[in-house]
**Student:** 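What follows is a single structure, and I will ask about it in a moment.
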Amino acid sequence: MLDPKLFRTELDYVTEQLARRGFAFDAEAYAELESRRKDVQVRTQDLQNERNSRSKAIGQAKAKGEDIQPLMDQVQHLGDQLRQAENELAEIQSSITAMLEYIPNILDVSVPDGKNEDSNVEISRWGVLPKFDFTPKDHVDLGARNKRMDFELGAKLSGARFVVLNGALARLQRAIIQLMLDTHTGEHGYSETYVPYLVNADSLRGTGQLPKFEADLFKADGNPPLYLIPTAEVPVTNIVRDVILDAKELPLKRVCHSPCFRSEAGAYGRDVRGMIRQHQFEKVEIVQVVRPDDSERAHEELTRHAEVVLEKLNLPYRRMLLCAGDTGFSSAKTYDLEVWLPGQGVYREISSCSNFKDFQARRLQARWRNPETGKPELVHTLNGSGLAAGRTLIAVLENYQDAEGRIRIPEALLPYMGGLEYIE
RNA sequence: GGAGAGGUGGCAGAGUGGUCGAAUGCGCCGGACUCGAAAUCCGGUUGACUCUUCGGAGUCACGAGGGUUCAAAUCCCUCCCUCUUCGCCA
């Protein structure tokens with residue numbers, strides 16, 4: 001959520017910035033709503049003030065044993081007026097909140113213009129693309145051997161976009177997750193966290209998935225309803241919801257492995273083949289909560305932490321700076337890491353590292369006490385995939401295949417594979 | 001799932017219709033005393049919001065939401081959560 005004050009003082013600036021995303025903000029409607037709010041709020045508070053002082057007078061009169069009936073007569077109609085004003089105010093305020101909740105974050109100045117992913121800017125490239133003296137297979141063909149990657153079984157058990165991994169492939173995914181967790185806890189200073197995979201609506205509102213993106217979520221009925229997490233970002237970032245952190249608690253750095261559940265409502269027909277886009281996948285998420293002044297540096301650092309994993313696995317990748325139109329709703333600036341997939345001859349997203357600045361923090365009411373001011377102020381939140389484990393598995397398969405369709409285990413994963421060097 | 005108890009400030013814990021944003025203790029911050037510290041004493045110590053002639057004035061919040069009342073932490077209803085206990089269970 002953006003700062004409502006910004007809309008009062010910098011309406012033109014906000015409108016202009018939102019336009020970069022292709023978001024048409026109705027400044028006129030907002031200004032109209034805001035001026036009504038002001039009127040009604042002042043009126044409501046005046047009435048409340050009157051009620052309070054008169055009630056107090058009645059109390060005092062009664063204590064002295066005076067006749068309170070004349071005083072009671074005076075306040076007879078106050079209640080109705082007040083109730084009406086309060087209802088009107090509540091209505092206006094919820095309209096304003098509803099409007100604000102659907103407005104995306106303002107982009108960082110360094111984010112390039114552009115409508116879609118074609119305008120993303122390549123920042124850097126790492127690794128040497130593997131050369132094959134045969135035509136490299138994609139992960140679906142490689143995984144089909146011995147039915148280690150079984151989409152038919154996934155469909156039987158659950159439906160489309162689910163998969164079953166067997167034997168060495170299941171273990172390989174676990175090894176990948178272990179490497180990531182060990183790297184981030186052992187070398188990058190993150191603390192490992194285990195969280196619920198079902199969360200409430202407040203948590204999803206806090207990180208920005210609700211109310212706008214409910215269709216992308218799996219909902220579990222109940223009272224209250226719960227949602228399967230689309231990413232560990234939701235529970236992990238919500239650790240600081242409604243918390244005033246001490247300055248010395250920052251930066252807060254957490255790493256969390258979890259499954260992620262996405263209904264992929266907006267992706268019918270995209271990536272239907274293979275494990276690229278599933279309703280359920282494993283991911284290791286890194287999250288930082290930092291002082292506002294530190295977030296830009298933290299964003300670079302966190303992105304590096306994700307890159308290190310790719311480098312340990314010797315997987316070629318490139319870093320992309322997302323353009324205005326491709327940057328997510330809550331993010332001010334996002335780097336995507338794209339890994340080379342030789343089976344398809346393309347780079348594919350394997351990590352997304354975002355700086356949300358105070359956008360999530362405002363929704364979360366996540367603050368820290370700034371020692372310089374002594375006041376609670378909003379923190380900045382960041383997160384990144386470090387990395388998507390399912391897609392990392394794909395990348396390992398495709399990059400480490402040989403002519404016979406065997407997979408060599410990357411050196412960094414050998415300690416986790418129990419002596420296995422090849423998947424035959 | 002059954003039964004019972006309870007949710008109040010950073011923590012503990014009073015408050016059962018009015019002068020209660022809330023006693024008291026602890027903690028924390030500042031000051032006094034001291035060479036310094038401890039002890040002791042004094043003062044301070046929730047957050048959000050609105051208006052403003054920038055001096056200040058006011059509103060909201062006691063798990064959440066609704067209701068009764070001139071007036072609700074306090075009474076009523078619904079829900080959520082925690083604890084104890086029985087059952088079941090990885």
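Lettering follows sequence order; numbering is per chain, from 1.
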**Student:** Please give the distance between the C1' atoms of rC41(B) and rC80(B) as a whole number of Å.
**Tutor:** 46 Å

**Student:** Check the phosphate of rU50(B) against Arg8(A), side-chain N and O only, distance under 4.0 Å to OP1 or OP2. Yes or no?
**Tutor:** yes

**Student:** Take the angle between the ring planes of His139(A) and Phe151(A) and call it parallel below 30°, perpendicular above 60°, tilted in between.
**Tutor:** perpendicular

**Student:** Charged N to carboxylate O under 4.0 angstrom, Arg348(A) versus Glu398(A)?
**Tutor:** no

**Student:** Does Lys56(A) contact rG18(B) through a side-chain donor or acceptor facing the base, at a distance under 3.5 Å?
**Tutor:** no

**Student:** What distance, rounded to whole Å, do you find between the two C1' atoms, one in rU59(B) and one in rA5(B)?
**Tutor:** 36 Å

**Student:** Could you tell me how far apart Trp368(A) (CH2) and rG10(B) (P) are, to the nearest whole angstrom?
**Tutor:** 19 Å

**Student:** Take the angle between the ring planes of Phe218(A) and His279(A) and call it parallel below 30°, perpendicular above 60°, tilted in between.
**Tutor:** perpendicular

**Student:** With a 4.0 Å cutoff (strictly under), does any side-chain N or O of Arg51(A) reach OP1 or OP2 of rG58(B)?
**Tutor:** no

**Student:** Who passes side-chain hydrogen bond (donor to acceptor under 3.5 Å, both in side chains) against Tyr400(A), sequence neighbours left out?
**Tutor:** none

**Student:** CD1 of Ile96(A) versus P of rC49(B): gap in Å, rounded?
**Tutor:** 14 Å

**Student:** Taking only side-chain N and O atoms of Arg83(A), does any of them lie within less than 4.0 angstrom of OP1 or OP2 on rU68(B)?
**Tutor:** yes

**Student:** Could you give the CZ-to-P distance, from Arg369(A) to rU45(B), as a whole number of Å?
**Tutor:** 13 Å

**Student:** Classify Lys62(A) by what it touches in the nucleic acid, base, sugar-phosphate, or nothing, heavy-atom distance under 4.0 Å.
**Tutor:** base

**Student:** In whole Å, measure the gap between the C1' atoms of rA14(B) and rU74(B) for me.
**Tutor:** 13 Å

**Student:** For Lys375(A) and rG47(B), give me the distance from atom NZ to atom C1', rounded to whole Å.
**Tutor:** 10 Å

**Student:** With side-chain contact (heavy atoms from CB on, under 4.5 Å) as the test, would you mind laying out the steps for Glu88(A) and Gln84(A) before giving the verdict?
**Tutor:** CA-CA 6 Å; Glu88(A) 196 181 342; Gln84(A) 201 184 333; 5.5 Å; no

**Student:** Return the orientation label for the Phe359(A) and Phe329(A) ring planes: parallel under 30°, perpendicular over 60°, tilted otherwise.
**Tutor:** perpendicular

**Student:** Which is true for Asn52(A) with a 4.0 Å heavy-atom rule: it touches a base, it touches only sugar-phosphate, or it touches nothing?
**Tutor:** sugar-phosphate

**Student:** What is the distance from CG of Asp246(A) to C1' of rC29(B), rounded to the nearest Å?
**Tutor:** 13 Å

**Student:** So Gln48(A), base contact, sugar-phosphate only, or nothing? Heavy-atom distance under 4.0 Å.
**Tutor:** sugar-phosphate

**Student:** Whole angstrom is fine here: how far is it from CG in Asn49(A) over to P in rA71(B)?
**Tutor:** 15 Å

**Student:** Calculate the interatomic distance between Glu50(A) atom CD and rG58(B) atom P; express it in whole Å.
**Tutor:** 14 Å

**Student:** As a quick check of understanding, evaluate side-chain contact (heavy atoms from CB on, under 4.5 Å) for Ile229(A) and Leu198(A), giving each step before the final call.
**Tutor:** CA-CA 6 Å; Ile229(A) 58 171; Leu198(A) 285 159; over 6 Å; no

**Student:** For RNA chain B, write out the stems as range with range, using runs of 3 or more consecutive Watson-Crick or G-U pairs with both distances under 3.5 Å.
**Tutor:** B:1-7 with B:80-86, B:10-12 with B:24-26, B:27-32 with B:40-45, B:46-51 with B:56-61, B:63-67 with B:75-79

**Student:** Could you check if the base of rG30(B) is syn or anti? Syn means the glycosidic torsion is within 90 degrees of 0.
**Tutor:** anti

**Student:** Please work out whether the ring planes of Tyr335(A) and His299(A) are parallel, tilted or perpendicular, with thresholds of 30° and 60°.
**Tutor:** parallel

**Student:** Assign Arg43(A) to base, sugar-phosphate, or nothing according to its heavy-atom contacts below 4.0 angstrom with the strands shown.
**Tutor:** nothing

**Student:** Please measure how far the P atom in rA57(B) lies from the corresponding atom in rG30(B), and state the result in whole Å.
**Tutor:** 28 Å

**Student:** Give the rounded distance in Å between these two atoms: CG of Asp242(A) and C1' of rG63(B).
**Tutor:** 12 Å

